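Report on one structure; see the data block that follows.
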Amino acid sequence: MNLHPKFPYQLYLVISEKDCLGKDFLKVAEDAILGGVDIIQLREKNTGTKEFLTKALQLKEVTEKYNIPLIINDHPEVTEKTDAFGIHVGNSDTPPMTLRGQSFFKEKMIGYSIEYLEQLENKQTSISDYLGVSPIFSTKTKEDTVTEWGLDGLSLIRTLTDKPLIAIGNINLNNAQMIIKAGANSLAVVSAICAAEHPEQAAYELKNEILK
Ligand code: TZP
Ligand code: MG
């Protein structure tokens, strides 16, 4: 994998309690770190801010123990209250420009999902630290998506920006290599690790594939 100097996190776990299918999500996170995950995002949909904050504080204890950066999906207040490493937002969330204008987010990592090619020309993209190519392949984990980029879409985006590109959507051991070849600087997964019977082993195998 082509390591990006501004985003040296090659295996990116996006975790939610629901996607861990009954397993303790904090244990899944810890096992995933032991298996080789480099960065973790907490993404809980349909959860109130209070409950989300509780989970974020619990997860922060795990990530801090291993010195792994924690990214918070969608919630600026939770990012601030947990003093997380950064935030990930999409088109319907607080825009990156708005976040960057707040003193807390000046030095924080801001990730932004790319769902339309036109986004590559806007200021939200240029002010973001990394871009999510979302989704690379369609997935049951997130069904309200816009563009299934595929390998050709990822290659095209690669020619249009120097930003770190994080591929997400139905990534597994079978397709990891081709996504890397198409230009991803990081692979983000939910079910390949969260839904696995042995999350540590699953993370280890994915990381090995990345390091091949
Ligand atoms: N954004 C685009 S696809 C996706 C998100 C959060 C879900 C990816 O889940 P999985 O299980 O790795 O396909
Ligand atoms: Mg969002």
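Treat the numbers as computed from the prediction; the structure is a model and nothing was measured. Both counts, for ligands and for their atoms, begin at 1 and track the order of listing.
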Quick check on contacts: which atoms of ligand 1 are under 4.0 angstrom from a heavy atom of V189?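 Heavy-atom distances to V189 below 4.0 Å select 12 (O).
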Quick one: which ligand 1 atoms are inside 4.0 Å of a heavy atom on R43?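 Going through ligand 1 atom by atom, the ones under 4.0 Å from R43 are 6 (C).
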Just to confirm my output: which protein heavy-atom neighbour is closest to atom 2 (C) of ligand 1, and how far is it?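 Looking only at protein heavy atoms, the one closest to atom 2 (C) of ligand 1 is S134 OG, 3.2 Å.
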For the Mg ion (ligand 2), count the protein N, O or S atoms found under 2.8 Å away.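 With waters ignored, the protein N/O/S count below 2.8 Å is 2.
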Hey, mind stepping through D129 and K163 against salt bridge (charged side-chain N to carboxylate O under 4.0 Å, His left out) and telling me if it holds? CA-CA 7 Å; D129 297 297; K163 299 258 180 200; over 6 Å; no
Under a 3.5 Å threshold, yes or no: a donor from one side chain and an acceptor from the other, between Q119 and Q124?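 Not at all, the side chains of Q119 and Q124 share no donor-acceptor pair under 3.5 Å.
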Please check if any side-chain donor atom of N185 sits under 3.5 Å from a side-chain acceptor atom of R158, or the reverse.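 A donor-acceptor contact under 3.5 Å links the two side chains.
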Output yes when the distance from some N or O of ligand 1 to some N or O of [X] is under 3.5 Å, and no in every other case.
X: V190; result: yes
X: S191; result: yes
X: K142; result: no

Could you tell me how the ring of F7 sits relative to the ring of Y12: parallel (under 30°), tilted (30 to 60°) or perpendicular (over 60°)?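 Correct class here is parallel.
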So, does I168 sit close enough to ligand 1 that a heavy atom of it is under 4.0 Å from the ligand?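 A heavy atom of I168 does come that close to ligand 1.
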From I40 CD1 over to F25 CZ, what is the distance, rounded to the nearest 0.5 angstrom?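 CZ of F25 is found 10.0 Å from CD1 of I40.
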Can a salt bridge be assigned to the pair E30 and K27 using a cut-off of 4.0 Å between side-chain N and carboxylate O?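 No, this pair does not count.
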In a table with atom names and distances, give each donor-acceptor pair under 3.5 Å that connects a side chain of residues 102-111 to protein atoms at least two apart or in another chain.
residue, atom, partner, partner atom, Å
K106, NZ, R100, O, 3.4
K108, NZ, D83, OD1, 2.9
K108, NZ, A84, O, 2.7

Name the atoms and distances for all side-chain donor-acceptor pairs under 3.5 Å in residues 69-78, with sequence neighbours left out.
residue, atom, partner, partner atom, Å
N73, OD1, K45, NZ, 3.4
N73, ND2, Q41, OE1, 2.7
D74, OD2, K45, NZ, 2.6

Could you note down all residue pairs passing salt bridge (Lys or Arg N to Asp or Glu O under 4.0 Å) where residues 1-17 supplies at least one of them, sequence neighbours left out?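 Those involving residues 1-17 are E17-K55.
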